[in-house]
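Report on the following structure.
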Amino acid sequence: MKLKATYTASDYENNVYAQWEESGYFNPDKFPKSKRVFTISMPPPNATGTLHLGHAMFLALQDLMIRYHRMKGDKTLWLPGTDHAAIATHSKVEQLLAQEGKTRQEIGREAFLQRIHEYVEHSRNTIRNQIRKMGASCDWSRERYTLDDGLSMAVSEMFVRMFNDGLIYRAQKIVNWCPHCLSTLSDVEVEHSQEKGSLFYIKYPVKETGEYITVATTRPETMLGDTAVAVHPADERYKKCIGGIAVQPMGNHEIPIIADEYVEREFGSGALKVTPAHDVNDFELGRKYHLTSLNILRENGSLDLSSLKNRPIDFESIADLDGMDRYKAREVIVERLKEKGLLEKIEEIDHTLATCYRCDTVIEPYISLQWFVAVDKKIEKYGASLKGLMHDTVLSKKTQIIPQRFEKIYFQWVDNLRDWCISRQIWFGHQLPVYYCLESGGGCGETIVSKEKPKVCNICKKSVLRQDEDTLDTWFSSGLWTFSTLGWPRNAKEKRGSIEKKGDLAQFHPTSVLETGYDILFFWVARMILMSRYALGEQPFDVVYLNGLVLDIHGKKMSKSREESIIDPLTVIEKYGTDALRLSLLVGISPGNDLRLSEEKIASYRNVVNKLWNITRFILEFGLEGEAPRKHQLTLADQWILSRLSQTIASVTNHIEGFRFSQAAEELRAFTCDELADWYLEIAKIEKGKQMVLAHVLEAVLSLWHPFTPFVTEIAYQALKKSRTEKKASPFLMVHAWPHADEKEIKEEVENEFATIQHIVGAIRSARSENTISPKQKIQAIFFTPTRADFMKAHEELLKYLARLDFVTIVEKGERPANAIYLKVEDIEIYLPLGLMKIEEERDRLSTELQKKQELLVSLQGRLADSTFTSKAPKHIIEREQKKVKDYEHSIQKIKEQLALLK
RNA sequence: GCGCGCUUAGCUCAGUUGGUUAGAGCAUACGGUUUACAUCCGUAGGGUCAGAGGUUCGAGUCCUCUAGCGCGCACCA
């Protein structure tokens with residue numbers, strides 16, 4: 001195979017992926033003998049839109065782990081899929097409909113769902129192909145979708161079980177309502193943002209005294225639903241009004257003035273209007289004081305005054321507000337209050353605004369009959385509540401979170417969790433497995449919770465049953481993801497209190513690692529823990545690795561930033577290759593910390609990929625059918641690279657096991673570029689007989705890189721394979737054994753000796769550069785070494801070549817040359833006698849070095865003179881410092897001598 | 001209000017259990033057609049590790065406080 005001089009990823013990647021996929025090695029069933037199992041459930045991308053850099057990052061991270069474990073010989077499953085993402089998909093398709101001038105209500109539930117399914121099928125295909133573009137080696141044969149029959153069945157099963165255990169209930173409560181999505185939202189789906197807003201001070205006449213009581217509110221439109229005014233019982237200002245009647249001026253509604261310690265005297269006017277139907281706290285007050293709840297909002301956020309019609313108020317004066325949008329109504333009401341002289345003032349304040357996480361619409365607290373998961377209720381079987389199970393899973397380290405600081409955040413959230421509202425009023429999703437026996441059909445009104453639609457009511461035996469039209473929170477089904485995808489409940493049998501798993505569920509659950517962005521820790525990770533502990537009594541995963549978010553160069557979320565700063569994965573893949581993109585998302589990052597990605601960074605990793613390519617090209621051009629050198633024929637350089645390779649294998653493996661992927665890659669890059677390419681391959685150009693070592697090192701290096709840059713390494717490996725006649729080659733690098741760190745190859749002495757060579761060469765190169773001696777100009781060098789003349793002689797040719805020397809003299813004793821550049825490496829003195837040398841500059845250089853060394857010596861001597869240091873520091877630290885003192889003293893002496901010679 | 005994170009070279013960021021003179025990539029400067037790679041090679045410059053205090057023989061690393069930035073949670077209308 002002839003390789004091109006530069007690696008052009010787009011020429012190869014699609015083809016390589018197709019070969020991998022066709023080979024069947026993505027499927028763990030191909031590895032029946034493996035004992036250890038490694039599983040990742042892929043976080044299902046939404047069934048909307050396309051792949052963005054966040055996806056690219058998690059795909060890169062997970063594929064890295066998956067490929068590493070597969071090469072290690074583990075039975076490795078990466079299960080892909082997509083999430084129906086109820087509200088997100090729903091509103092996306094509604095938007096598309098709107099472009100055609102239609103609404104979902106017009107076309108009806110059936111037709112609308114059909115439209116969604118068509119849309120989802122199309123975008124799922126797009127997503128699948130984009131996941132392939134990233135090189136993700138997931139098992140497509142096990143791909144799942146949250147609305148699959150099996151997964152839908154799991155959802156119903158879970159709902160019924162939780163209902164039967166009393167963990168799911170229906171109740172009338174204040175919920176978060178999104179007037180745009182026309183649905184409830186759970187607490188996590190509400191975002192709180194600090195905004196500037198107006199606090200309106202409104203005067204309510206007090207009936208008894210004819211005076212006014214001023215209330216403060218940010219939402220004047222809700223005053224129509226006021227059923228009380230509340231003050232603090234000890235507030236002197238209002239004491240006399242307590243028990244009286246205030247007149248809500250919009251419609252002259254007479255409402256009681258009550259006292260409760262909940263009211264903060266310092267905030268606003270110290271008096272609070274109570275609107276039980278539209279505020280959580282007011283709802284509580286309403287319950288406490290048996291106040292009426294007046295719902296005055298429609299689902300779309302416009303005013304609904306029907307509940308006021310038959311009340312003793314002046315309805316006519318407000319009738320025109322009916323149907324008006326909440327914000328318009330706010331303006332109108334404020335205007336009218338102004339006219340009546342009842343608006344005391346408007347104060348600008350900072351307050352928190354609750355918005356929908358999907359559409360940014362301001363949510364309304366809304367009284368509604370909804371379904372909830374009880375998180376505090378004790379479950380007999382476990383002797384703990386769902387909240388307790390969630391807390392325990394992380395506390396007891398059944399699941400470990402990386403980075404650890406998120407454990408604290410997790411606990412804080414779990415411990416403050418309130419019951420989870422799970423019913424949604426949208427059409428797309430899992431319809432609740434709840435049936436009502438219709439009274440209108442002559443039935444008893446019973447609520448029946450059942451996986452299948454019952455034929456008749458189990459109480460009255462009437463058969464007019466209607467399924468609840470609501471659908472479940474999308475995170476309810478996502479919560480089951482780790483086990484519903486593995487065949488739960490079919491693969492789990494409960495026997496005498498314990499659960500017996502079989503099939504995929506037995507093999508792959510609990511999964512090994514859950515890797516996702518920290519932004520869905522609560523939405524998803526916590527819910528999976530809840531569901532798995534409840535359904536299976538075990539954690540869904542042993543480790544949670546949380547990645548940071550990908551930001552643009554300005555530090556903004558890509559999803560929220562301006563168009564021009566968005567990097568599209570497909571575009572950069574086309575330009576730089578998938579491997580380069582993957583590296584840019586894997587290196588220089590740490591878990592839980594955000595990443596600012598620039599195109600320059602991707603380009604720089606494209607260069608690393610290209611380096612790998614050229615290393616392969618160079619080695620292959622050597623021809624690899626050489627004779628294996630016997631051990632004693634290995635040169636210093638050979639032994640050195642083998643030693644360094646083993647060290648690198650050990651270190652990279654260790655870092656990957658410890659989830660320090662960035663460090664693993666950096667060490668690998670340092671080995672590959674700085675040691676293998678810059679030193680060993682250069683030496684290979686003059687030392688012959690390196691074929692076996694080169695092939696061995698190349699194979700190991702490609703293997704180590706494979707989880708990071710699967711494409712280039714696979715192509716290189718295939719080329720390597722072709723140039724060898726070795727029988728035992730693997731069909732793909734993807735399933736090649738992970739390199740083994742051979743401890744016998746690690747030789748400290750060899751590394752030290754080679755380091756000496758490197759230092760000598762480095763010193764000479766540096767001196768050459770400082771004296772602007774062209775690299776092509778060969779110079780001569782004199783080495784003075786009383787103890788290492790043999791060593792120097794042995795490596796004379798190497799030094800000549802690397803340091804571009806034409807004449808070398810090695811002497812053990814005698815006079816030092818005057819007027820030469822003086823260098824010293826360990827106990828080897830180097831003199832570069834040169835006419836070109838500038839004496840003044842050399843003197844400056846030596847003086848600077850002398851001064852630096854002297855300063856270091858003084859500080860070292862000070863440390864060693866300190867008895868607390870010598871008595872408390874460990875022995876090896878002290879010895880190291882003592883050795884350094886000796887070295888410095890010697891160096892200083894030599895530099896002084898040399899300075900004297902320069903006169 | 002409670003909590004978390006960040007602050008290290010011009011830029012983007014690493015830095016596991018405290019221990020050589022704190023690292024990388026990019027950028028910059030200088031020099032280079034050395035039988036892979038100019039997507040290259042060699043060399044160099046560049047840091048009071050945000051500030052103050054503390055623990056320690058020793059702190060970028062541990063503790064306390066302060067400042068700036070970012071984020072999460074939270075029912076003050």
Side-chain angles (χ1 to χ4, degrees), chain A residues 3 5-7 174 187-188 192 199 215-219 222 230 262-264 266-269 271-275 279-284 351-352 354 365 403 405-406 408-409 412-413 416 518-519 521-522 549 553 555 576 580 584 587-590 592-598 600-601 603-622 654-655 658 660 662-663 666 669-670 677-678 681-682 685 762 765-770 772-776 801 804 852-853 855-856 859-860 863 866-874 876-878 880-881 883-884:
Chain A
L3 304 182
T6 50
Y7 174 64
I174 287 259
D187 293 341
V188 269
H192 302 271
L199 185 63
V215 299
T217 180
T218 52
R219 298 186 299 155
T222 62
Y262 161 75
V263 181
E264 292 279 342
E266 290 73 31
F267 188 88
S269 62
L272 172 72
K273 62 190 247 346
V274 184
T275 321
D279 185 278
V280 182
N281 302 305
D282 292 8
F283 180 74
E284 290 305 321
H351 67 142
T352 41
R405 63 187 155 87
F406 280 94
K408 194 168 178 180
I409 297 171
Q412 185 186 311
W413 184 80
N416 292 313
Y518 65 76
D519 53 333
L521 178 63
F522 307 140
L549 309 179
I553 40 168
Y576 302 104
S584 71
V587 191
I589 59 147
S590 48
N593 289 328
D594 297 343
L595 159 74
R596 288 190 193 198
L597 189 68
S598 61
E600 289 73 39
K601 185 174 178 187
S604 81
Y605 285 110
R606 183 266 319 266
N607 298 353
V608 174
V609 170
N610 188 59
K611 190 80 182 173
L612 217 44
W613 173 260
N614 271 292
I615 286 170
T616 307
R617 218 159 65 86
F618 175 74
I619 291 177
L620 294 189
E621 280 174 13
F622 257 76
N654 185 28
H655 283 316
R660 297 179 297 273
S662 178
Q663 282 186 68
E666 282 186 39
R669 191 205 54 75
D678 290 349
L681 294 190
E682 288 307 315
K685 289 173 185 172
R765 281 176 180 170
S766 176
R768 291 176 63 118
S769 185
E770 273 172 41
T772 55
I773 299 160
S774 159
K776 64 188 159 187
Y801 169 68
R804 318 272 317 146
K852 213 163 110 189
K853 290 232 157 91
E855 279 166 15
L856 286 168
S859 91
L860 269 178
R863 198 178 306 170
D866 186 349
S867 62
T868 45
F869 173 71
T870 47
S871 63
K872 292 197 175 176
H876 71 275
I877 298 285
I878 296 172
R880 195 181 61 201
E881 305 294 77
K883 186 174 176 298
K884 266 158 44 182

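The chains referred to below are lettered A, B, ... by the order of the sequence lines, with proteins before strands, and numbering in each begins at 1.
- In the set B:C13, B:U56, B:A36, B:A36 carries the atom at the smallest distance from any side-chain atom of A:Leu681.
- Applying the 3.5 Å distance criterion, the base of B:U20 shares no donor-acceptor pair with the side chain of A:Arg880.
- Side-chain contact between A:Tyr7 and A:Arg617 is absent, with no heavy-atom pair separated by less than 4.5 Å.
- A:Asn654 comes within 4.0 angstrom of nothing in the nucleic acid, heavy atoms only.
- Contact annotation: A:Arg660 side-chain N/O to B:U16 OP1/OP2 distance is not under 4.0 Å.
- Here A:Asn593 reaches the OP1 or OP2 of B:A14: one of its side-chain N or O atoms lies under 4.0 Å away.
- The base of B:C26 has none of its N or O atoms less than 3.5 Å from a complementary donor or acceptor on the side chain of A:Lys601.
- Using cut-offs of 30° and 60° on the angle between ring planes, the pair A:Phe522 and A:Trp413 is parallel.
- At a threshold of 4.5 Å between non-hydrogen side-chain atoms, the residues A:Ile615 and A:Phe618 do not count as touching.
- In this structure, A:Ala677 reaches the bases: a heavy-atom distance under 4.0 Å links it to at least one base atom across the strands shown.
- The residue among A:Ser859 and A:Arg405 whose nearest nucleotide of RNA chain B is located toward the 5' end is A:Arg405.
- A donor-acceptor contact under 3.5 Å is not formed by the side chain of A:Gln663 with the base of B:A24.
- Ion pair A:Glu682/A:Lys685 flagged as a salt bridge, since at least one NZ, NE, NH1 or NH2 atom sits closer than 4.0 Å to an Asp/Glu carboxylate oxygen.
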Discussion item. Expected output check: what is the dot-bracket annotation of RNA chain B, where ( ) and [ ] are pairs inside the strand (brackets for crossing ones), | is paired with another strand, and pairs are Watson-Crick or G-U under 3.5 Å?
Written reply: (((((((..((((.....[...)))).(((((.......))))).....(((((..]....))))))))))))....
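- Annotation for A:Lys852: atom NZ does not count as buried by contact number, only 12 or fewer foreign heavy atoms lying within 6.0 Å.
- Listed by chain and number, the residues in a ring-ring contact (aromatic ring centres under 6.0 Å, His included) with A:Tyr576 amount to none (sequence neighbours excluded).
- Atom OH in A:Tyr518 sits roughly 15 Å away from atom C1' in B:G3 (whole-Å rounding).
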Check nucleotides 75-77 of chain B against the protein and report each pair of N or O atoms closer than 3.5 Å, with its distance, or say if there are none.
from, atom 1, to, atom 2, distance (Å)
B:C75, OP1, A:Arg418, NH2, 3.2
B:C75, O2', A:Asn281, ND2, 2.6
B:C75, N1, A:Asn281, OD1, 3.2
B:C75, O2, A:Asn281, OD1, 2.4
B:C75, O2, A:Asn281, ND2, 3.4
B:A77, O2', A:Ala216, O, 3.4
B:A77, N6, A:Glu264, O, 2.8
B:A77, N6, A:Phe267, O, 3.0
B:A77, N1, A:Glu264, N, 3.4

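- For A:Val188 and A:Ser604, each mapped to the nucleotide of RNA chain B holding its nearest heavy atom, the one lying further toward the 5' end belongs to A:Ser604.
- Across all strands, A:Glu600 comes closer than 4.0 Å to no nucleic acid atom at all (heavy-atom distances).
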